[in-house]
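To keep things clear, I will list the structure first and then write my remarks on it.
For ligands, and for the atoms within them, numbers begin at 1 and follow the listed sequence.
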Amino acid sequence: MPLVCVCSPKGGVGKTTLAANLAWSLARAGSKVLAIDFDVQNALRLHFGVPLQDGRGYVARADEQADWSQSILTTGGNIFVLPYGEVTEAQRERFEENLAKDPHFLRRGLDTVLNYPGLVIIADFPPGPGPALKAMQALADMHMVVMLADTASVSLLPQVENHRMIGQPLNARHGHYFVLNQSDNRRNISREVTAFMQQRLGENLLGVIHRDESVAEANAAQQSVYDFSPASAAAFDIELVAKRVANILHIHVGNGEVQAPIRSKY
Ligand SMILES: Nc1ncnc2c1ncn2[C@@H]1O[C@H](COP(=O)(O)OP(=O)(O)OP(=O)(O)O)[C@@H](O)[C@H]1O
Ligand SMILES: [Mg+2]
């Protein structure tokens, strides 16, 4: 049950987009994948074709329904989705209180999926710290921290490196890794920050993903970047990141490797 958390100290950096595309890449390579949403924005499901008006999710009933797997939606394929769902303010507060106060709450909710043989779990988080990210520390195999190729991300790096996100290292197993998103070769700052991050993070940088219009267009079409535009720079970059994640977590993939498309841009 390799479990990957996608998080960031910063909002709007591409966490949900990358969580969804990582799920697609690993599913395409032969894994069964469950995508779980821990963000009240409830946006992850939209990447998998769940209609906007479908407000089902596990959070509203997380109290009385101890096994959250009952709220899993199928997408027709190797991917399953556990949406946060539409909730009232009181339900969100109750959920966060349970996460913060009951050390077994999260494990109980995910027990069935954690014990499902070979299932890869990708969890998407809201920006910044929070009770879900903290509770996940004990369960996750690795964390993927998404940053942008901008100066604000550089200034937030110490928050992650000095364990200020949850007051302790994000991950106790394989550790935390970074992805630099929306890197743009045409902009000086972006080039400089990318070079700086590559040097500073070294092997802990899983990959750099180009800023690419295909990403927003694929999101709008509720498709993976790979399916929407397989020859795009972002599709190539995302496949490489997925391949590194699979290698780190020893995720068995169909042909021994996550397939990367032929690079045609940049
Ligand atoms: N590599 C990229 N190139 C171009 N646009 C991108 C790229 N990655 C993400 N985007 C766009 O950036 C926007 C934010 O992405 P997303 O919602 O995935 O971020 P997030 O970190 O999950 O945000 P939040 O903090 O609100 O949860 C979206 O419009 C998405 O299409
Ligand atoms: Mg998001």
Below 4.0 Å from ligand 1: does a non-hydrogen atom of His210 turn up there or not?
yes
For ligand 1, the portion of Asp39 having any non-hydrogen atom under 4.0 Å away
side chain
Consider only side-chain N and O atoms of Asn171 and His176, and report whether a donor and an acceptor are under 3.5 Å apart.
no
Under the ring-ring contact (aromatic ring centres under 6.0 Å, His included) criterion, do Phe80 and Trp68 qualify, and how do the steps go?
CA-CA 13 Å; Phe80 301 83; Trp68 303 347; over 10 Å; no
So, the side chain of Arg45 versus the backbone of Asp54: is there a donor-acceptor pair under 3.5 Å, distance only?
yes
Any chance the side chains of Ser229 and Glu217 put a donor and an acceptor closer than 3.5 Å?
no
Tell me which protein heavy atom sits closest to atom 21 (O) of ligand 1, plus the residue, atom name and distance to 0.1 Å.
Lys15 NZ, 2.7 Å
If the plane angle is over 60° it's perpendicular, under 30° parallel, otherwise tilted; pick one for Phe125 and Phe38.
parallel
Considering only non-hydrogen protein atoms, determine which one is nearest to atom 19 (O) of ligand 1 and report residue, atom name and distance to 0.1 Å.
Gly14 N, 2.9 Å
Nearest protein heavy-atom contact for atom 8 (N) of ligand 1: which residue, which atom, what distance?
Asn181 ND2, 2.9 Å
Protein contact to atom 6 (C) of ligand 1 [nearest heavy atom, distance to 0.1 Å]
Gln182 NE2, 3.4 Å
Nearest heavy atom to atom 7 (C) of ligand 1: which of Val215, Leu148, Asp237, Thr16 does it belong to?
Val215
For Ser155 and Pro158, work out which heavy atoms get closest and say how close.
O-CD, 3.4 Å
Distance-only N or O hit between ligand 1 and Val13, under 3.5 Å:
yes
Which residue and atom name correspond to the protein heavy atom nearest atom 14 (C) of ligand 1, and how close is it?
Gly12 O, 3.9 Å
Under 4.0 Å from ligand 1, counting heavy atoms only, is it the side chain of Gln41, its backbone, both or neither?
side chain
Using the rule given for salt bridge (Lys or Arg N to Asp or Glu O under 4.0 Å), can you reason through Glu161 versus Arg200, listing the C-alpha separation, both sets of side-chain angles and the distance that settles it, and then say yes or no?
CA-CA 11 Å; Glu161 293 185 327; Arg200 169 98 167 242; 2.7 Å; yes
Against heavy atoms of Pro127, which atoms of ligand 1 measure under 4.0 Å?
25 (O)
Hey, is Asn219 touching ligand 1 through its side chain, its backbone, both or neither, going by heavy atoms under 4.0 Å?
side chain
State whether the number of non-hydrogen atoms from other residues, nucleotides or ligands found under 6.0 Å of Arg56 atom CZ is greater than 12.
no
Is it the case that ligand 1 has an N or O less than 3.5 angstrom from some N or O of Gly11?
no
Flag for Thr17-Asn219: side-chain donor and acceptor within less than 3.5 Å
yes
Give yes or no for whether the N/O distance cutoff of 3.5 Å, strictly under, is met between Arg211 and ligand 1.
no
Sum up the protein N, O or S atoms located under 2.8 Å from the Mg ion (ligand 2).
1
Hey, does Val40 have a side-chain heavy atom less than 4.5 Å from the side chain of Val87?
yes
Can you confirm whether Tyr177 sits close enough to Val145 that some side-chain heavy atom of one is under 4.5 Å from a side-chain heavy atom of the other?
no
What is the closest protein heavy atom to atom 3 (N) of ligand 1, and at what distance does it sit?
Asp212 N, 2.9 Å
Can you establish whether the number of heavy atoms outside Arg187 located under 6.0 Å from its atom CZ is more than 12?
no
Do you know which two heavy atoms are closest between Ala149 and Thr194, and how far apart they sit?
CB-OG1, 3.6 Å
Answer with side chain, backbone, both or neither: which part of Ala216 has a heavy atom less than 4.0 angstrom from an atom of ligand 1?
both
Quiz question: by atom type and distance under 3.5 Å, do the side chains of Ser224 and Asn21 form a donor-acceptor pair?
no
Contact bool for atom 29 (O) of ligand 1 (protein heavy atom, d < 4.0 Å)
no
For salt bridge (Lys or Arg N to Asp or Glu O under 4.0 Å), just list the numbers for Arg191 and Asp184, CA-CA rounded to whole Å, side-chain angles, deciding distance to a tenth of an Å, and then say yes or no.
CA-CA 7 Å; Arg191 276 203 311 272; Asp184 188 342; over 6 Å; no
If hydrogens are left out, which of Asp37, Leu180, Thr17, Val225 has an atom nearest to atom 16 (P) of ligand 1, that is, the closest non-hydrogen atom?
Thr17
